**Student:** 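If you scroll down you'll find the structure; I have some questions about it.
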There are 2 protein chains.
Amino acid sequence: MEEINLIIAKNLKTIRESKKLSLEKVAELTGVSKTMIGQIERGESSPTITTIWKIANGLKISFTSLINHPQPDTKVVLRNEIQPLFEDNGKYRVYPHFPFENDRRFEVYSVEIEKGGYLSSDPHVEGAEEYITVFEGELTVRVNNIEHTLQSGDSIKFKADRPHSYHNSGDTLTRLSMVIYYPA
Amino acid sequence: MEEINLIIAKNLKTIRESKKLSLEKVAELTGVSKTMIGQIERGESSPTITTIWKIANGLKISFTSLINHPQPDTKVVLRNEIQPLFEDNGKYRVYPHFPFENDRRFEVYSVEIEKGGYLSSDPHVEGAEEYITVFEGELTVRVNNIEHTLQSGDSIKFKADRPHSYHNSGDTLTRLSMVIYYPA
DNA sequence: ACATTATGTACGTTATATTGTACAGATGAA
DNA sequence: TTCATCTGTACAATATAACGTACATAATGT
């Protein structure tokens, strides 16, 4: 998940050292206490937006240079690293492979639903869409009061800004891929 | 100067209303209390970076959509609106016309120095440069232990990451324009 | 009309961001 | 070495962000 305050910590320390400034010098330039600068660099504090503003302006750097962390060209996410979310007494399991991140407009999940497993989802934000492909078993999606039953290999796309539900209507484990898109 | 928390206040309120969400709904989606969301929208609070992160992620919006405020195509800055900075007992007056702002890599000032007025400046950050043009009177700049005397219409550029000083070496008021550049 | 729900604000409490001072280790000069 | 300065951290005090509850008003239905 990459804690945001750790990102800032690393960025600030890198920038400060690249400018060869001491904590005290940064404190002078920014009007933020030496102690606070140190704590931020160590990730011990989640600074307020005004503090970040003072730092950015005092150091004459952009806001994003503190917030952005360079995205690696390649990123591998192992199943074991993913902390699944459990619903319906563990019968419905969500694996967030690529959760929402700053500018990215979509998320990638996979879902496992045991036999009989069911989940009713509240509407997402207006304009949101879901793209589902079934990889194993059978899935029944209900949206707009219409049920759609899919088999392995089938897909469905629907506007997810209304109530919808997922149901393993088959006799075996259902596994599927889900992409959620959010409008800009 | 546009207080940063007021910018966020406006952005958040606009985004929330465009999505037709109540404070409570936003609280649910983001994990930030309804009260805090309200205070942020009213500009009564400078949220911490983690709170902003929660809001951005919960609402599936980018960080910058909360921070950025649309720059007008045209901006007029009247001399009367500028709050000058006084040095050397008011003999050295700095007028910040376009102070540092997020991505902009330079600042534009004008300076008035009365007869005999003098200012010794500490080094700016490494790589900083100053571009000065004299509009009225005489100016003596000292940098690298060398003095340069300029008349109205003359200009000078120098690396400002070392000590330097300005001196009105003439008999009349000196007025000049100063651009300070900061490396990326 | 009334009741009911929904929405945003005021208030008191807790958690924590922020500050100033004091301290310990490092660095450097003589 | 010794003294001095510089750098970053530990600590205690204060300011304020963040929370939960309760309240006022608006909106909605019956």
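Fair warning: this is a prediction, and the values are worked out from it, not measured in the lab. Below, chain A is the first sequence line, B the second, and so on; all start at residue 1.
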**Student:** Identify which one of S152(B), S110(B), S155(B) satisfies the side-chain hydrogen bond (donor to acceptor under 3.5 Å, both in side chains) criterion when paired with T133(B).
**Tutor:** S155(B)

**Student:** What is the distance from CG of N5(A) to P of dT18(C), rounded to the nearest Å?
**Tutor:** 12 Å

**Student:** At their closest point, which heavy atom of I113(B) faces which heavy atom of Y118(B), and how far apart are they?
**Tutor:** CG2-N, 4.4 Å

**Student:** Is there a side-chain polar atom (N or O) of T48(B) under 4.0 Å from OP1 or OP2 of dT16(C)?
**Tutor:** no

**Student:** How many Å lie between CH2 on W53(A) and C1' on dT18(C), as a whole number?
**Tutor:** 17 Å

**Student:** Could you tell me whether T35(A) contacts a base, only the sugar-phosphate backbone, or nothing, with contacts defined as non-hydrogen atoms closer than 4.0 Å?
**Tutor:** base

**Student:** Separation of I40(B) atom CD1 from dA18(D) atom C1', in whole Å?
**Tutor:** 9 Å

**Student:** Using atom CD of E44(A) as one end and atom P of dG8(D) as the other, report the distance to the nearest whole Å.
**Tutor:** 15 Å

**Student:** Under 4.0 Å between a side-chain N or O of S22(A) and OP1 or OP2 of dT7(D)?
**Tutor:** yes

**Student:** Return the stems involving DNA chain C, sorted by first number, where pairs are Watson-Crick (N1-N3 with N6-O4 or O6-N4) or G-U wobble (N1-O2 and O6-N3), both under 3.5 Å, and runs are 3 or more long.
**Tutor:** C:1-30 with D:1-30

**Student:** When all nucleic acid strands are considered with a 4.0 Å heavy-atom cut-off, which category describes Q39(A): base, sugar-phosphate, or nothing?
**Tutor:** base

**Student:** Is S33(B) touching bases, backbone alone, or none of the nucleic acid, heavy atoms closer than 4.0 Å?
**Tutor:** base

**Student:** For E41(A), which contact category applies under a 4.0 Å heavy-atom criterion: base, sugar-phosphate, or nothing?
**Tutor:** nothing

**Student:** Quick check on the 6.0 Å ring-centre criterion: do Y109(A) and H97(A) meet it?
**Tutor:** no

**Student:** Let me see the working for R79(B) and E112(B) under salt bridge (charged side-chain N to carboxylate O under 4.0 Å, His left out), right down to the final yes or no.
**Tutor:** CA-CA 13 Å; R79(B) 160 124 183 186; E112(B) 289 180 354; 2.7 Å; yes

**Student:** What integer distance in Å separates I49(A):CD1 from dT16(D):P?
**Tutor:** 17 Å

**Student:** Think R42(A) has a side-chain N or O under 4.0 angstrom from the OP1 or OP2 of dA10(D)?
**Tutor:** yes

**Student:** Nearest to the side chain of K54(A), which nucleotide is it out of dG8(D), dA18(D), dT19(C)?
**Tutor:** dT19(C)

**Student:** What is the distance from CG of L23(A) to P of dG20(C), rounded to the nearest Å?
**Tutor:** 15 Å

**Student:** Mapping T50(B) and L21(B) onto DNA chain C by nearest heavy atom, which one lands closer to the 5' end?
**Tutor:** L21(B)

**Student:** Whole angstroms only, please: what is the CE-C1' distance between M36(A) and dG20(C)?
**Tutor:** 12 Å

**Student:** What about K34(A), does its side chain sit under 3.5 Å from the base of dG8(D) through a donor-acceptor pair?
**Tutor:** yes

**Student:** Using the salt bridge (charged side-chain N to carboxylate O under 4.0 Å, His left out) rule, pick out the option among K20(B), K60(B), K19(B) that qualifies with E126(A).
**Tutor:** K20(B)

**Student:** Within the supplied structure, the quantity of interest is the number of heavy atoms (other residues, nucleotides, ligands) at a distance under 6.0 Å from E81(B) CD; does it exceed 12?
**Tutor:** yes

**Student:** Can you tell me if the side-chain N/O atoms of T51(B) get under 4.0 Å from OP1 or OP2 in dA18(D)?
**Tutor:** yes

**Student:** To the nearest Å, how far apart are I55(A) CD1 and dA17(C) P?
**Tutor:** 13 Å

**Student:** Where does the angle between the aromatic ring planes of Y92(B) and Y166(B) fall among parallel (under 30°), tilted (30 to 60°) and perpendicular (over 60°)?
**Tutor:** tilted

**Student:** Say you draw a straight line from CG of N11(A) to CG of N68(A); how long is it, rounded to the nearest 0.5 Å?
**Tutor:** 8.0 Å

